[in-house]
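These notes concern the structure reproduced below.
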Amino acid sequence: MDIFSFIFNPFVGLYNLIRDGLTQLLLAAGVPADTTRLIVFFIMGLLVVTVVLILAPVMMMYITLLERKVVARMQDRVGPNRVGPLGLLQPIADMIKFMVKEDIVPEGVDRPVHLLAPIIAVVPVVMSFAIIQFGVGMGAVDLNLGLLFLLAMGSVATISVFMAGFGSHNKFALIGGMRAAAQIISYEIPQILAVAVPVLLAGSISLSQVIQAQSGAFGLGWFFWYIPVGPIAFFVYLLAATAEINRVPFDLPEAESELVAGYHTEYSGMKFGLFYLAEFLNTFLISAIGASIFFGGWQGPFVQQIPALGILYFFGKTILLIIVQLWFRGALPRIRVDQLMNFGWKRLVPITLALILFTAAFLWFYRGVLLFLKGYGG
Amino acid sequence: MILQIPLVYYLILAAALFCIGLFGALSRRNAIAVLMGIELMLNAVNINLVAFWRYGSPDPIADQAGVVFALFVITLAAAEAAVGLALVIAIYRSRDTVNVEEIDLLKW
Amino acid sequence: MLERYALIGLFAFAAVTFPIVPLILAFLFRPKKPTRLKQSTYECGIEIQNEAPEAESIWVQFRVQYYIYAILFVVFDIEVVFVYPWAVATNQMSAFWVIEMAIFMLILVGALAYAWRKNLLEWV
Amino acid sequence: MELTAIIAQLVFFVVAVLTLAAAFLTVLVRNVFHAALALVGTFFGVAAIYLMLEAEFLAIVQVLIYIGAIAVLILFAVMLTRGMMQSQESGTNKQWAWAALAIAVLFLGLFILILQVPWVHSGTAVYTDTTPYLGTELLTTYLLPFEVVSVLLLAALIGAFIIARE
């Protein structure tokens, strides 16, 4: 472990340091080889999981603060600055508020389903954090099918919306739940098809391969710059993903004016806090994946020489994308149900189907014909 | 590392899942619960297909017949569920019941 | 190849306990004063009429529109499952690679066109 | 039996027991909505079993299609036929006892049959990502079924729409 690689990529260096130290320690203690390998694997896995599970809520809390500040700035007001210096302790105050508010559960409610709905809303999002690559070699797990795993976890969220709507035994919650479920499934198709474009360009479904494939011109060869295909796929992905987590301008199921509060009408206290947590973890997740597959994640100039820069690049791009989503919230009105459904099925799905075929033809032409000519021209 | 689990365990598990699904299909009164039983049976068949691919095929990478077959079974199960549930909804709208025993118009 | 999914299993276990901890903490800290009025379902002010016979009056009937969106979703979800292996298939040099998927997609674009023509997609 | 074999067997038993318990719940629970949620639990268990058989793509397809699409379809159908649901009493019809007996005999027969047949164990390791080879095989040896699937989906869509139309 020479000192240079430690300075240039501290977190991965630290991880290797702990792991090697632990293995030596266990081997010295006379534990047989393969059991030490298992024990070390288990302990390092636990370490990575706790780091990610501490990172996630902290990021979520400060995204709520960022949202209130950015939206406030857009509406010419200051945003929270009372609690703590510059309002930095505001998220902690929110969390305590969720802890101590009374949880009113109306009678006639289907208790197990009512309690399970917020838990199932949070579990898939937290599991999707496993595959995000925070920096060079800094992903908790590098699955061969990372992006498909992410989309599968996204599709599990529909079940929690049904449970919330059905378990609350309330007319508004039921209508809101059904509408939210219809909207989520209508926008899941364009999202999955839009993610298929970078998979086609990179030739692999694993997230680290997709990021690796974007290290073109001086670390700036992102898929977003593949002009005809990249930008369109990115905008379709952003719109579809925003619609899938029911955020403005597609937040019709929670439309305060019409449906009281949609499927989480009968929730209060910490259970509502979990829905709130799931929504903001989703916002971070969508921006992180959008940055990774369209803007090259931790790719950037000099990232090969100084891997530690990768973390700055990744978080910079993700925060920019989060601000774009908050900009949606500040600027755009809520759109009607039929416009929402028409836009999803009649505009986004045909565009993405055409996009995939066009990318395939472009790749075949680029790879097939040029290599063929090069073979003869050679 | 994975081959410590003998093939027989997967087959017994698939057989048990198939029997539970069959019991669900035969003994439930509600049409949607019958369809759920059929989905369980199809899942049991898929487990067998994948188990035989993993333990039986000489070269599991190049020759993935079991996986492809299981993929087509999943597609078929989805199409069957879509049409079956459409039927259930149409019957519910006209006869106002999903109780399998009451849908016996063909019995004279 | 399996070690990665062992870590995902660990993540799943942690992800399940992750929301349960604040729920338990909240259960300990929050005040518990249930009253009859607080416990009634939320009808924004108007008195709810849960007549005795069909307490199920709460379940309002729904149009079939929701189910049609679900069918369309199932059909296109399966198409996506066939797009991904094709996208990473190894024989990407030949022209057939594009033509096969073009046929597959055109038939499903036909399905979408059928749904569009029969204005299935309208939010009635 | 060294450590990894014990762990593998242990994990298999835990997953198998959970899957069968969820399957039993799907079949025995009276309220159809709870049965649908137990069905989702069973699908997760079957996806875990595919992972143990190292069929990675199939495990994720199982979660994406079965839980993301078919379970949602079933939940929508349960919602649409909700009004009638509460009145009927027991969820099973009269001859469930005979059905249970016949199926127990069937399971016993299968159990004995499975134990007697000398299954072949090829046991070659899956050392790399199998999805690209699956894609290639899907487009070469199984090309015709691949194209017929889209025709099947078209037929299913049109059929379901005409049946379910108002």
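Note that these values count all heavy atoms, side chains included, but never hydrogens, waters or copies made by symmetry. The sequence lines fix the lettering, A, B, ..., with proteins before strands; numbering per chain opens at 1.
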Subject >> Non-hydrogen atoms of D:Gly68 and A:Ser155 that approach each other most closely >> reply: CA-OG, 3.7 Å
Original post:
Would a 4.5 Å heavy-atom cut-off, applied to side chains only, mark D:His34 and A:Val113 as touching?
Top reply: yes
Original post:
What's the spacing between A:Asn144 CG and D:Phe57 CZ if we round to 0.5 Å?
Top reply: 12.5 Å
Original post:
Is it the backbone or the side chain of D:Val40 that comes under 4.5 Å from a heavy atom of chain A, or both, or neither?
Top reply: side chain
Subject >> Part of D:Phe44 lying under 4.5 Å from any heavy atom of chain A >> reply: side chain
Original post:
In Å and rounded to the nearest 0.5 Å, what is the CG to CG distance from D:Leu64 to A:Leu148?
Top reply: 6.5 Å
Subject >> Proximity breakdown for D:Ile7 and chain A, heavy-atom pairs closer than 4.5 Å >> reply: side chain
Subject >> Flag side-chain contact, heavy atom, 4.5 Å: D:Phe76 against A:Ile185 >> reply: yes
Original post:
Roughly how far apart are A:Ser204 OG and D:Asp129 CG, rounded to 0.5 Å?
Top reply: 7.0 Å
Subject >> Segment of A:Thr158 engaging chain D (4.5 angstrom heavy-atom cut-off) >> reply: side chain
Original post:
Could you walk me through whether D:Thr131 and A:Leu145 pass the side chain to side chain contact (heavy atoms under 4.5 Å, CB included) check?
Top reply: CA-CA 8 Å; D:Thr131 321; A:Leu145 302 174; 3.3 Å; yes
Original post:
Once you round to the nearest 0.5 Å, how far does CG of D:Leu37 lie from CG of A:Leu116?
Top reply: 8.0 Å
Subject >> Considering all heavy atoms, the nearest D:Ile67-A:Ile159 contact >> reply: O-CD1, 3.8 Å
